[in-house]
Chemist: 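Have a look at this one before I ask anything.
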There are 2 protein chains.
Amino acid sequence: MRKRINALAEQLLDTLEQKGYRSTEPRRAMAQVIANQDKHFTAEDLRKQLPSLGRATIFRSLKLLVETGMVCRVLLEDGDLHYQLSHRGHHHHLLCVECGSSQDLLGCDIEDLLQQTSARHGFELSGHWLEVYGRCNACRNVEQTVELANA
Amino acid sequence: MRKRINALAEQLLDTLEQKGYRSTEPRRAMAQVIANQDKHFTAEDLRKQLPSLGRATIFRSLKLLVETGMVCRVLLEDGDLHYQLSHRGHHHHLLCVECGSSQDLLGCDIEDLLQQTSARHGFELSGHWLEVYGRCNACRNVEQTVELANA
DNA sequence: AATGAAAAGATACTAGGTATCAATATTCGC
DNA sequence: GCGAATATTGATACCTAGTATCTTTTCATT
């Protein structure tokens, strides 16, 4: 019996099927768990939430999801690579170092800027990797509230 | 007997000493090898060139050099982390995907741009990681020469 | 239901890095 | 220059993240 899963999970599976990959029971379970993550995660995080799945299966399906663009890798400040749900297409993240949440960076003309700067160095740009670290609005507000409470 | 090493290696060791770390024979050997690398490298690369040093020693000294800012980590396009000589201070690299060379990215106002964009998202920026990939001048010229030769 | 391909799971393996600890170098005070 | 105190080393075991291999299971098709 096919478990009921949410719309986002359904979307992950649909995309896999569009690329010719089967929507199996383990993949449905994984899609559901990934759809429920509210921040970046590791393969190990998924494994704890899916103890019945084999380790290799998790890595394999994760890889598929990255290849099909549904999940992306994010670089943490310390150099660790984690995964997170992707909102498709090339984009950058604002990673909150406090709560681990991430927002997509919109309205950033970095590509143009890099293009120009690279050209000045005689460099033919083909790609780039950018992560931005800081504190999100919510975490800043929490701190402010605490400060007020202590005042 | 203290081996003679070049000026750049000497500088690495001096910096370590300024931070209170000893300039030992293994570290002198490592500094010399690192000073001779012309592109990014891995701990394993160093180990091949320094077979007499213990593995842990290489990792430990590499870590020290990163902490003191003499060596930095660079993120390759595939997510691998390598090391390279650092030219001190925060800066970004133009990494040539063909020959592995890297240039420092100068005259790039990305900090300001990120600051502004983050602020629009209610995000308090504290840091970022940027790597730029492409082909350096030399590699582009080689290709052009080959094309002309074949024409 | 039979079959062939895809996927799963177990397992062993690899790479990159850290922890532990006894043995060795190095520095410092004399 | 000598010895004690301390930093560093190397060996080893360990850890995490990921891949390779191979047999069994599941899936979709007929």
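These figures come from a predicted structure and were not determined experimentally.
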Chemist: With side chain to side chain contact (heavy atoms under 4.5 Å, CB included) as the criterion, how do B:S102 and B:K39 come out once you've worked through the C-alpha distance, each side chain's angles and the decisive distance to 0.1 Å?
Modeler: CA-CA 7 Å; B:S102 91; B:K39 55 178 77 167; over 6 Å; no
Chemist: Given atom CG of B:L13 and atom P of D:dT8, what is their separation to the nearest angstrom?
Modeler: 13 Å
Chemist: Has the side chain of A:D45 got a donor or acceptor atom that lies under 3.5 Å from a matching backbone atom of A:T42?
Modeler: yes
Chemist: Does the protein touch nucleotides 11-22 of chain C at the base, only the backbone, or not at all? Give it as B, S and - per nucleotide, heavy atoms under 4.0 Å.
Modeler: -----BBBBB--
Chemist: What is the separation between atom CG on B:L16 and atom P on D:dT9, rounded to the nearest whole Å?
Modeler: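 Whole-Å distance recorded here is 10 Å.
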Chemist: Rounded to whole Å, please give me the gap between CG in B:D78 and C1' in D:dG18.
Modeler: 13 Å
Chemist: Rounded to whole Å, how long is the line connecting atom CZ of B:R22 with atom C1' of D:dT8?
Modeler: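 Roughly 7 Å, once rounded to whole Å.
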Chemist: Between B:Q84 (side chain) and B:C72 (backbone), is there a donor-acceptor pair under 3.5 Å?
Modeler: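 A pair under 3.5 Å: no.
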Chemist: B:E25 has an atom CD; how far is it from atom C1' of D:dG10, in whole Å?
Modeler: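 Taking CD of B:E25 and C1' of D:dG10, I get 15 Å after rounding.
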Chemist: Donor-acceptor pair, B:R55 side chain versus B:R47 backbone, under 3.5 Å?
Modeler: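 Here the side-chain-to-backbone pair does not exist.
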Chemist: Less than 4.0 angstrom between a side-chain N/O of B:T24 and OP1 or OP2 of C:dA25, yes or no?
Modeler: no
Chemist: Let's go through A:F41 and A:I34 carefully: what are the C-alpha distance in whole Å and the side-chain angles of both, what is the deciding distance for side chain to side chain contact (heavy atoms under 4.5 Å, CB included) to 0.1 Å, and is it a yes or a no?
Modeler: CA-CA 9 Å; A:F41 53 86; A:I34 290 176; 3.9 Å; yes
Chemist: Provide, to the nearest angstrom, the distance between the CD1 atom belonging to B:I58 and the P atom belonging to D:dA11.
Modeler: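 About 11 Å, once rounded to whole Å.
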Chemist: When the distance from CZ of A:R27 to C1' of D:dA28 is rounded to whole Å, what number comes out?
Modeler: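 Taking CZ of A:R27 and C1' of D:dA28, I get 14 Å after rounding.
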Chemist: Please give, in whole Å, the distance from D:dT6 P to B:Y21 OH?
Modeler: 17 Å
Chemist: Which label fits A:H92 and A:H128: parallel for a plane angle under 30°, tilted from 30 to 60°, or perpendicular past 60°?
Modeler: tilted
